[in-house]
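Inspection log for the structure reproduced underneath, given as structure tokens.
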Amino acid sequence: QVQLVESGGGSVQAGGSLRLSCAASEDTTNRYYMGWFRQAPRKEREGVATISPGGGRTFYADSVKGRFTTSRDNAKRTLYLQMNSLKPEDTAMYYCAACAVGAESCTPLSPVDFGYWGQGTQVTVSS
């Protein structure tokens, strides 16, 4: 099973940018939907962005559209989340996750469908 390790979190001021990375233990090209999720204290985990197995389609939560971009570098087995114009409400633990093609369902942005998870990386945005 694929293993995922996130990096790139940190503390920034509102309006700043961060790029998160997620390194996979195996080639995920055409094999897994990849997604970013986040969870703030006392809130449910929510989908932020999802990218299709081939990388041709992306899906974003309304709250991050126009500010966040996800991409995958298949040669490096790495998923990215570029976050611009960060807001205090973006503060959360960010997780990378994968859903295998052929699974019962891989609904974009749906945490329940993604079966493989990284340990998370903290993002804190101050006003």
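Contact record, Val12 with Ser17: CG1-O, 4.0 Å, taken as the closest heavy-atom pair. When every heavy atom of Tyr32 is checked against every heavy atom of Ala98, the shortest pair comes out as CD2-CB, 3.8 Å. Scanning all heavy atoms of the two residues, the minimum distance from Leu79 to Cys96 falls at CD2-SG, 3.8 Å. The shortest non-hydrogen separation linking Ala40 to Ala92 is N-CB, 3.9 Å. Of all non-hydrogen atoms in Cys106 and Ala100, the two that sit nearest each other are SG-O, 3.5 Å. The two residues Val2 and Ala24 have their closest heavy-atom pair at CG2-CB, 4.1 Å.
Side-chain atoms of Thr91 come within 3.5 Å of backbone atoms of Pro88 as a donor-acceptor pair (strictly under, hydrogens ignored). Side-chain atoms of Arg67 come within 3.5 Å of backbone N or O of Ser63 as a donor-acceptor pair. Remark: the backbone N or O of Thr50 is not paired with any side-chain donor or acceptor of Tyr60 at under 3.5 angstrom. No donor-acceptor pair closer than 3.5 Å links the side chain of Thr124 to the backbone N or O of Ser11.
Residues Met83 and Leu20 meet the side-chain proximity criterion, which asks for heavy atoms closer than 4.5 Å. Residues Gln13 and Val125 fail the side-chain proximity criterion, which asks for heavy atoms closer than 4.5 Å. In this structure, Ser21 and Glu6 have side chains that are not in contact, with every pair of non-hydrogen atoms separated by 4.5 Å or more. Residues Cys22 and Trp36 form a side-chain contact, since some pair of their non-hydrogen atoms from C-beta on lies under 4.5 Å apart. Using a 4.5 Å heavy-atom threshold, the side chains of Val48 and Tyr94 count as touching. Residues Leu4 and Met34 are in side-chain contact: their nearest non-hydrogen atoms beyond the backbone lie under 4.5 Å apart.
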Verdict with reasoning, Glu104 to Asp113, per side-chain contact (heavy atoms from CB on, under 4.5 Å): CA-CA 8 Å; Glu104 184 171 345; Asp113 284 359; over 6 Å; no
Steps toward side-chain contact (heavy atoms from CB on, under 4.5 Å) verdict (Arg19, Thr69): CA-CA 9 Å; Arg19 188 177 80 158; Thr69 302; over 6 Å; no
Residues Gln82, Ser71; criterion side-chain contact (heavy atoms from CB on, under 4.5 Å); working and verdict: CA-CA 8 Å; Gln82 178 66 43; Ser71 60; over 6 Å; no
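Between the side chains of Thr78 and Asp73, no donor-acceptor pair is found at a separation under 3.5 Å.
Ser105 OG to Tyr33 OH: the interatomic distance, rounded to the nearest 0.5 Å, is 10.5 Å. Distance check, rounded to the nearest 0.5 Å: CZ of Phe68 to CG of Leu81 gives 6.0 Å. Rounding to the nearest 0.5 Å places CZ of Arg38 at 8.0 Å from CD of Glu89. To the nearest 0.5 Å, atoms CG (Asn74) and CZ (Arg31) are separated by 12.0 Å. The structure places CG of Leu18 at 5.5 Å from CG of Leu86, a figure rounded to the nearest 0.5 Å.
Taking the six-membered ring wherever Trp is involved, the centroid distance between the rings of Phe114 and Phe37 falls below 6.0 Å.
For the pair Arg72 and Tyr80, the NZ or CZ position fails the cation-pi test of under 6.0 Å to the six-membered ring centre and within 45 degrees of the ring normal.
Between Asp62 and Lys65, at least one side-chain nitrogen of the basic residue sits less than 4.0 Å from a carboxylate oxygen of the acidic one, meeting the salt-bridge criterion. The pair Glu26-Arg77 does not count as a salt bridge, with every side-chain nitrogen at least 4.0 angstrom from each carboxylate oxygen.
The environment of CD in Gln3 is sparse: at most 12 heavy-atom neighbours from other residues, nucleotides or ligands sit within 6.0 Å.
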